[in-house]
Amino acid sequence: MKAIGVLGVGALTEKVVRGLRRGGRRAPIYLIPHNSHQAASLARDFDCEILESNQAVVEAAQVLLLGVRPENLKSLALSVDLGPQHWLVSFMAGVSHRDLLRLFGTDRTIRSMLSYAAETNDATVVLNPSNAKVEKLLSSLGTLLALEHESHFELATVASCVNGWFYFLLHDLQRWVADKGLEPEQSRALILGSLSDCVEYAKANQHRPFAEIGRSITTAETFSSLGLEMIGLHQSNAIWGAACDIVLDALIERHLRAD
Ligand SMILES: O=C(O)[C@@H]1CCC=N1
């Protein structure tokens with residue numbers, strides 16, 4: 001059983017640890033000393049151990065999960081010395097393999113991106129590149145998607161941001177329904193059901209393009225086509241594309257700045 005070291009308990013690595021434990025992983029998990037309440041709660045409730053130094057964690061583990069805040073990356077890298085036995089799995093958005101090599105002196109690096117759903121073992125777990133050992137470790141967190149090109153991996157980071165934006169869309173729609181008089185739990189169930197029905201149906205019809213399913217629903221004179229026309233008039237889809245563009249540009253800019 002390979003011991004896991006968590007270099008920084010951030011929003012994503014915390015969910016990963018919870019998901020690993022929920023998924024049945026019993027190997028030791030070590031955390032770097034950190035004053036965060038997340039680290040304390042992982043130690044208390046998820047059988048993790050906070051060690052006395054960053055290097056102690058590196059020495060105790062073979063797989064290292066990296067998830068510090070960007071401003072703390074350099075100082076963390078300076079505080080540890082990785083060996084040939086380590087695999088460094090980075091959840092840092094926009095930090096390239098080349099950056100990791102420069103910072104940590106190892107090319108045994110895997111980049112991963114996922115969402116909060118890792119906590120409930122239901123995430124899309126994107127890896128770059130594919131790696132059998134790391135895939136085995138993270139497989140309990142959800143569905144694996146290995147991408148061979150790092151430039152493609154940045155699109156997974158954008159998709160992870162889209163995941164965050166969906167919550168605001170859900171919020172706005174739930175509030176609209178609640179304002180019309182439905183109880184909050186009922187409006188939540190209604191709007192969540194609307195989205196999850198769409199996801200489930202699309203998953204069960206892999207061969208059908210999304211737009212084709214949508215068009216088959218919003219045929220002429222339907223109520224759904226009436227609303228779709230309004231969405232089109234406001235160019236709402238173009239706004240989502242623009243949001244993705246700005247994130248991708250920032251990720252590419254981050255790479256260029258690091259050069
Ligand atoms: O927003 C962020 O920076 C991270 C990366 C992808 C999702 N969350």
Side-chain angles (χ1 to χ4, degrees), residues 6-20 31-32 34 36-39 41-42 64-77 88-100 102-104 109-131 134-135 137-172 192 195-196 199 239-259:
V6 184
L7 303 179
V9 180
L12 285 183
T13 45
E14 190 222 4
K15 305 293 181 284
V16 168
V17 170
R18 286 169 176 257
L20 289 173
L31 313 178
I32 59 174
H34 207 267
S36 77
H37 68 276
Q38 287 144 313
S41 108
L42 288 182
L64 301 167
L65 309 182
L66 177 65
V68 285
R69 296 189 64 79
E71 64 270 24
N72 296 331
L73 181 59
K74 241 185 212 150
S75 61
L76 174 94
L88 181 64
V89 183
S90 169
F91 297 92
M92 306 284 305
V95 177
S96 67
H97 286 289
R98 212 143 55 103
D99 295 337
L100 294 170
R102 194 167 43 213
L103 287 161
F104 291 92
T109 55
I110 303 293
R111 296 183 65 189
S112 181
M113 192 48 68
L114 33 68
S115 71
Y116 273 23
E119 179 179 353
T120 50
N121 308 93
D122 231 349
T124 301
V125 182
V126 186
L127 294 174
N128 164 249
S130 58
N131 176 288
V134 176
E135 283 173 33
L137 171 70
L138 300 183
S139 62
S140 70
L141 302 180
T143 307
L144 296 171
L145 175 64
L147 299 177
E148 291 313 316
H149 298 292
E150 194 170 20
S151 58
H152 292 167
F153 180 80
E154 299 309 353
L155 301 176
T157 308
V158 175
S160 180
C161 294
V162 173
N163 167 264
W165 305 336
F166 280 144
Y167 288 99
F168 293 98
L169 180 62
L170 287 168
H171 167 77
D172 288 344
L192 203 51
L195 183 62
S196 72
V199 170
I239 291 167
W240 284 73
C244 290
D245 278 339
I246 200 171
V247 171
L248 185 60
D249 287 351
L251 287 165
I252 291 167
E253 165 81 20
R254 161 96 188 48
H255 280 221
L256 295 176
R257 255 188 296 126
D259 281 345

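As the structure lists them, so they are numbered: ligands from 1, and atoms in each ligand from 1.
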Handout entry: Trace of the side-chain hydrogen bond (donor to acceptor under 3.5 Å, both in side chains) decision for Ser96 with Asp99
Key = CA-CA 5 Å; Ser96 67; Asp99 295 337; 3.2 Å; yes
Exercise for the section: Kindly say whether Gly8 contributes a backbone atom to a donor-acceptor pair with the side chain of Thr13 at under 3.5 angstrom? Expected result: yes
Exercise for the section: Taking atom CD1 of Ile246 as the centre, report whether more than 12 heavy atoms of other residues, nucleotides or ligands fall under 6.0 Å from it. Expected result: no
Problem - Closest protein heavy atom to atom 2 (C) of ligand 1, given as residue, atom name and distance to 0.1 Å - result: Cys161 SG, 4.6 Å
Practice task
Determine, counting only non-hydrogen atoms of the protein, whether one lies under 4.0 angstrom from atom 7 (C) of ligand 1.
Solution key: yes
Problem - Subset of ligand 1 atoms that lie under 4.0 Å from at least one heavy atom of Ala93 - result: 5 (C)
Handout entry: Backbone of Asn131 reached by a side-chain donor or acceptor of Glu135 within 3.5 Å
Key = yes
